Amino acid sequence: MARLLSPNVLLGIAPIALVIALWQGLVSFGFAPAVLLPPPGFVFSRLLQQLVTWTFQQEIAATLIRLFAGFAIAVVLGVGIGIAAAASPAINAVVRPIVRVLAPLPKVALYPALLLLLGFGHGSKITLVTADALFPILLSTYYGASTVEQKLIWSAMAAGTPRFQILFKVVLPAAMPSILTGCRIGLVISCIVVFLAEMITSTDGLGHALVTAARTFQAVDMFVPLITISLLGLILNALLGALRSYLLRGFPEA
């Protein structure tokens, strides 16, 4: 119980409580009509009602499938390419200009082309999530692998460790803090992008639920998907933070 009420947890809850209080104040003092900005109590009550319905659970499941699939692919590609680029000057020479060109590009601009190539199903949305989450993971991995102390690598080589195994036994563990930081950034981006993709074109998912509610002027139902994706992001980020603490339990900063 003391851990749940630690200062860090309380500091994290305070801004959320402030936003909800501000939201309630805007409605209570008439700055925004309840038709357009329903009271938070109505929204959370509706959220609890929706969470037990099969239809809304399917919307959540569709969003999570796309999010997890795209994020997982981005992690595999980002970590793999980042480690390879840090270990090989030839691969680095190929990857560096590609990253410089594509990293600043808004990936959502590619979405119409992805729709034409992959259709309106899971494929186009998973690909968009992967494209957006890939670069922060790749760059963090490359930075972490590039800053590994040479003494560690020399010691492994002196012990007769093959070069390929050095990547997995020395470089990858040493770069893990940076990799996990990139993964947390990529996860947040994945939540945003999958929701946006579903809003643009989809027949299911939380983004689709928001657009459907907006088209029928159901303000309360429009806020429910927003709160849901925010809570999912908060839960997933907490789980990834717990995983980070477990994996980095031997690191000083952990």
Side-chain angles (χ1 to χ4, degrees), residues 63 65-150 152-153 156 162-202 207 233 236-237 240 243-244 247-248:
T63 297
I65 288 171
R66 294 159 182 158
L67 191 155
F68 286 142
F71 178 69
I73 295 171
V75 170
V76 172
L77 292 177
V79 173
I81 297 173
I83 293 289
S88 171
I91 296 177
N92 185 24
V94 174
V95 171
R96 183 183 293 270
I98 296 175
V99 171
R100 286 179 175 175
V101 171
L102 295 182
L105 178 71
K107 311 307 179 297
V108 71
L110 303 175
Y111 194 45
L114 293 177
L115 290 174
L116 293 175
L117 291 172
L118 303 173
F120 293 85
H122 289 310
S124 57
K125 297 168 184 60
I126 290 173
T127 303
L128 184 63
V129 171
T130 300
D132 264 295
L134 172 63
F135 289 99
I137 299 173
L138 192 160
L139 292 172
S140 296
T141 301
Y142 175 77
Y143 172 78
S146 299
T147 55
V148 174
E149 292 187 20
Q150 284 295 322
L152 297 175
I153 298 175
R163 184 176 179 82
F164 184 74
Q165 291 185 17
I166 289 175
L167 291 177
F168 293 95
K169 293 184 177 181
V170 178
V171 177
L172 185 60
M176 192 59 68
S178 182
I179 292 173
L180 291 174
T181 298
C183 287
R184 294 188 77 167
I185 298 172
L187 180 62
V188 173
I189 293 174
S190 298
C191 291
I192 297 171
V193 171
V194 72
F195 195 81
L196 178 61
E198 290 173 348
M199 287 181 63
I200 296 174
T201 172
S202 184
L236 293 175
N237 188 57
L240 189 56
L243 177 63
R244 183 182 188 277
L247 294 176
L248 303 183

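Not measured: the values here are computed from a predicted model.
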Inter-residue atom distance [X].[atom1] - [Y].[atom2], 0.5 Å rounding:
X	Y	atom1	atom2	answer
Ile192	Leu187	CD1	CG	10.0 Å
Leu128	Ile126	CG	CD1	11.0 Å
His122	Ile65	NE2	CD1	5.0 Å
Ile83	Ser146	CD1	OG	8.5 Å
Leu134	Ile81	CG	CD1	6.0 Å
Ile73	Ser190	CD1	OG	10.5 Å

Answer whether the closest heavy-atom distance between the side chains of [X] and [Y] falls below 4.5 Å.
X	Y	answer
Val108	Val193	no
Leu105	Phe135	no
Ile200	Leu196	yes
Val129	Leu67	no
Cys183	Ile179	yes

Report the C-alpha distance between Leu138 and Leu77 in whole Å, list the side-chain angles of each, state the deciding distance to 0.1 Å, and finish with yes or no for side chain to side chain contact (heavy atoms under 4.5 Å, CB included). CA-CA 8 Å; Leu138 192 160; Leu77 292 177; over 6 Å; no
Are the side chain of [X] and the backbone N or O of [Y] linked by a donor-acceptor pair below 3.5 Å?
X	Y	value
Ser140	Pro136	yes
Lys125	Thr201	yes
Ser124	Phe120	no
Thr147	Gly144	yes
Lys107	Thr127	no

Working for side chain to side chain contact (heavy atoms under 4.5 Å, CB included), residues Val194 and Phe71: CA-CA 10 Å; Val194 72; Phe71 178 69; over 6 Å; no
